[in-house]
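Only a predicted model underlies this, so the values are computations on that prediction, with no experimental measurement involved.
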Amino acid sequence: MEFRPILSSLLRNRTGPLLVAVQVALSLAILANALHIVSVRQAVVSRPSGVERESDIFHVRVADLRGGGTFNEVLAGQKRQLELLRAVPGVESVAQTNQVPLSQSGNNTGLAADRRQIRPTTGASFYVSPDSLVKTWGLKLVEGRDFLPTEVLDIDTRTSTEQAKIAIVTQALAQKLWPDATSYVGRTFYFGTGDTAEAARVTGVVERLQSTSAELGERGEMSLIMPMRRVGEPRAMYTVRTEPGQRERVIKEVEETLRKDANNHVMIRPKTFDADRKDRYRADRGLAWMLVTVSVLLMLVTASGIVGMASLWVTQRRKQIGVRRALGARRIDILRYFILENVMITSAGVAAGLLGALALNHLLVSTLELARLPAGYLVGGAAIFLALGIAAVYGPAWRAASISPATATRGVV
Amino acid sequence: MFAYYFKLGLRNLRRNPALTALMVLTLAVGVAASVSTLTILHVMSGDPIPHKSDRLIVPLIDNGQLQGYAPGDKPDDDQISYRDAMNLLASKQGIRRTAIMGTGGAIEPERKDMPSFAATGLAPTRDFFAMFDVPFLYGQAWSEADDRAGADVIVLSRKLAEKLYGDVNPVGRRVRYNGFDFQIVGVIERWNPIPRAHRIIGKGAFDDEDELFVPMASATRHEWFNNGSTTCFDDRGPGYQAWLDSECTWIQFWFELNTVADRPALQHWLDAYAAEQRKLGRLKRNAPNKLYDVMEWLAYQKVVGNDNKLSAWLAFGFLLLCLVNTIGLLLAKFSVRAPEVGVRRALGASRREIFHQFLTETAVVGLAGGVLGLLLAWGALALIALQSKQLSLVARMDWTMLLTTFVMAVAAAMLAGLLPTWRACQVTPALQLKSQ
């Protein structure tokens, strides 16, 4: 093996190899962390919301501008709007609701498993609907049942703070409230703590329903649904499931229908589920794109550095290569020499880069509250740069190997 | 001599074109990455109202529940209750004061061809406009009497006024908002300070302009709820008055001080106020009462997010890599010119002159990298601005950043050029001449 002579030659001429090693180390440190952040964000963005076939869902906010009216008038108006929406062709299901997942705006409430607790167990998104959100959103019931139409409460928020006494909760919420239980239906939980905290009983558990903010971690799946309609102001929100591919047309028809019904004295704001999702994750996607771009550029710059330096060395050593060839070295020997040399330099860079990646990650964890780097990224990053190094040096090395033995005898530098 | 070396440097760009192009491109990309992220960071962390940002003060009283509270915990909400807001407004502290709530609703245009549309804005008190230097295009702020009476008066943004009335001055006309007729008393010029320190909670530090303003007393008289963030803990009764009387926090408050020196007095007053309220059985946490000026408030609200800092750090790491790369490439470029240096040295050029020449040449490379980097950064910012409205507000190139780009590129290139240049000077003339 030519290991020792290559090493001593490297040590005699340190600057160039050192620069290449530093480049590899820097790139590896950044790349490993960047790719890790990208994959963390990607995992966040692709979490399921619990809503089935999201691309067929939209919601529409309707504000009646003709003023309030009595509780019964407002209630009758909302029921009429529901009927109008259900009659639009292509509509599969409609539910009135107070909020929708991922919309980043909504009602949250503190819940406790026990009134005597000092602090609530968790916060949760508070969905209320007089219709079946389970049906409209296609939520998966894993235990218990959906609400019955007879269980729905219509509440005048101007005179009452009453609320329903039953709820459907997500699996994550149930597990948080009762970590040791295996079955949740029939259990009672409380809104807040203390003697006055309202109680509610679980009638059903859905596999998953993300909160309005879709926070990171378990908090993002803390949601509950209650069978009620809160009437205060003459405004309402409806969530609609359409037949596949019909959404855009249905949105237009829904707008027209509602406008006509209110004789134009109405404000209608539709928004698709996809648009809410896109808004929620815009920043994560943006960062991921920027990191991917930087990573690609990092590799390009590093590769160009290796090619540049290797080309320089080949030029500088034309004469020696010629001599070696004249003395009987085969092409493969020359090729091997340069590749081995590069592997040694890259390995040194990779070793330093691994330490650098850990140090950078430590810095990111401690100052920017990011996640710790799994070892897989270090191994993967090291492999990428070793492969990149060999690929980048192959061209110059091949040119070196093609130098003819006559070069040495001709004495051209 | 410099001009000559500069010309030589320009000419030498053409020598070794592949290597030079690679160098310029590497530098440009590094500079572009760091400048575009730095620009965003710079705009995000800017002072929206520099000449009085240290005199505009947010008072914060922790109105949270006692249950589960440990001294030192942060408050659950960074806003205050309606009751505290009214007391602070009546306090006569500072030279001006305002309480701000958010409002949103439907505008019903007189024109029949325009359907009703949603508009959002603020419900502050009269002082708001003077405190935040809001520029008026037509008319003026409403009067103190309007504040007291909760009059139905409204100030529109220029954009909203033009949408409704075109180019004419609409002051004196009526506009129907949220089901009530409001008289227009003023139209403000385009005004959207970045960051929107005056109302970060509920709308965000980088968001659209406020489209309209109505007196807070008018908003509460019409029983409007806050359009923004609201935090409630205790069980309040039904109805609007119970809402106002509750300890729910949903109002953002600002004081304007005459001089910064008045700040301790305000702190003293606030502490006394909180102590007095505690005697009435309120503010159970007994937490410290805080004052934040504009920049402190922006820092406290973490307006510059961790993601932005991360981007900037990575971009600088990337720039560092590009510099190391450039050092290597310059080394390669200069090393093939040892014979040339040998000849010049033999002909009497001093090491200093060689140093000058090569460093000038390096600067030329840096300059080329800077120009290209500037174009790339401009493109990158345009791309970033396309992503969202919020980003389009902050992804803007200003002159400071433009100059910084150039200085950075040239300085970076010259820094990278120091080692290769020094190496080039070390050439021994005799050896070079002999080998030729």
A:R269 and B:A118: which non-hydrogen atoms are nearest, and at how many Å?
-> CD-CB, 3.9 Å

Locate the shortest heavy-atom distance separating B:L329 from A:G308; write the atom from each residue and the value.
-> CD2-CA, 4.1 Å

Heavy-atom pairs under 4.5 Å with chain A are the metric here; pick the option from B:C232, B:G328, B:G179 that has the most.
-> B:G328

B:K284 NZ: over 12 foreign heavy atoms closer than 6.0 Å = no

Under 3.5 Å, which donor-acceptor pairs do the side chains of residues 417-426 of chain B form with other protein atoms, sequence neighbours left out?
| unit_1 | atom_1 | unit_2 | atom_2 | d |
| --- | --- | --- | --- | --- |
| B:T421 | OG1 | B:G417 | O | 2.5 |
| B:R423 | NH2 | A:T15 | OG1 | 2.3 |
| B:Q426 | NE2 | B:W422 | O | 3.3 |

By ring-ring contact (aromatic ring centres under 6.0 Å, His included), which residues pair with A:Y281, not counting sequence neighbours?
-> none

Flag the pair B:Y240 / A:R158 as yes when at least one side-chain heavy-atom distance between them is below 4.5 Å, and no otherwise.
-> no

Side chain to side chain, B:S116 and A:V266, heavy atoms closer than 4.5 Å = no

Turns out that what part of A:I306 lies under 4.5 Å from chain B's heavy atoms comes down to neither

Okay, B:W313 and chain A: the region with an atom under 4.5 Å from a heavy atom over there is side chain

Top residue by heavy-atom pair count (under 4.5 Å) with chain A, among B:L383, B:L331, B:L310, B:V29?
-> B:L310

A:T161 portion near chain B, given a 4.5 angstrom heavy-atom threshold | both

Which atoms of B:T26 approach chain A - backbone, side chain, both or neither, heavy atom under 4.5 Å = side chain

A:L368, part contacting chain B, at a heavy-atom distance under 4.5 Å = both

Kindly determine whether B:E108 and A:H265 satisfy side chain to side chain contact (heavy atoms under 4.5 Å, CB included), including the steps that lead there.
-> CA-CA 8 Å; B:E108 293 171 74; A:H265 292 290; 3.7 Å; yes

Name the region of B:N178, side chain, backbone, both or neither, that has any atom closer than 4.5 Å to a heavy atom of chain A.
-> side chain

Quickly, which of B:L320, B:L321, B:I327 forms a side-chain contact (heavy atoms from CB on, under 4.5 Å) with A:Q23? Name it, please.
-> B:L321

Is the closest side-chain heavy-atom distance between B:P238 and A:T157 below 4.5 Å?
-> no

Does some side-chain heavy atom of B:T37 sit less than 4.5 Å from a side-chain heavy atom of A:M290?
-> yes

Check each atom of A:L370 against the heavy atoms of chain B and say whether the ones under 4.5 Å are side chain, backbone, both or neither.
-> side chain

Side chain / backbone / both / neither for A:E233 at chain B, heavy atoms under 4.5 Å | side chain

How about A:D195: does its CG atom have over 12 heavy atoms from other parts shown lying under 6.0 Å from it?
-> no

Could you pull out the closest heavy-atom pair between A:I30 and B:F318, with the gap in Å?
-> CD1-N, 3.9 Å

Part of B:F117 lying under 4.5 Å from any heavy atom of chain A = backbone

What part of A:R259 is in contact with chain B, defined as an atom under 4.5 angstrom from a non-hydrogen atom: side chain, backbone, both or neither?
-> side chain

Quickly, which of A:L26, A:V24, A:V20 forms a side-chain contact (heavy atoms from CB on, under 4.5 Å) with B:V324? Name it, please.
-> A:L26

Could you tell me whether B:L386 atom CG has more than 12 heavy atoms of other residues or ligands within 6.0 Å of it?
-> yes

Contact origin within A:L291 toward chain B - heavy atom pairs under 4.5 Å | side chain

Which atoms of A:R235 come close to chain B, meaning under 4.5 Å heavy atom to heavy atom: side chain ones, backbone ones, both, or neither?
-> side chain

Please state whether the side chain, the backbone, both or neither of A:L19 comes within less than 4.5 Å of a heavy atom of chain B.
-> both

Under 4.5 Å from a heavy atom of chain A, the part of B:F180 involved = neither

Nearest-0.5 Å distance, CG of residue B:L314 to CG of residue A:L287 | 8.0 Å

Checking A:T159 against chain B: side chain, backbone, both or neither under 4.5 Å from a heavy atom?
-> backbone

Side chain, backbone, both or neither of B:A106 within contact of chain A (heavy atoms, under 4.5 Å) | both

Contact winner vs chain B - A:L65, A:I37, A:L360, A:L18, heavy-atom pairs under 4.5 Å | A:L65

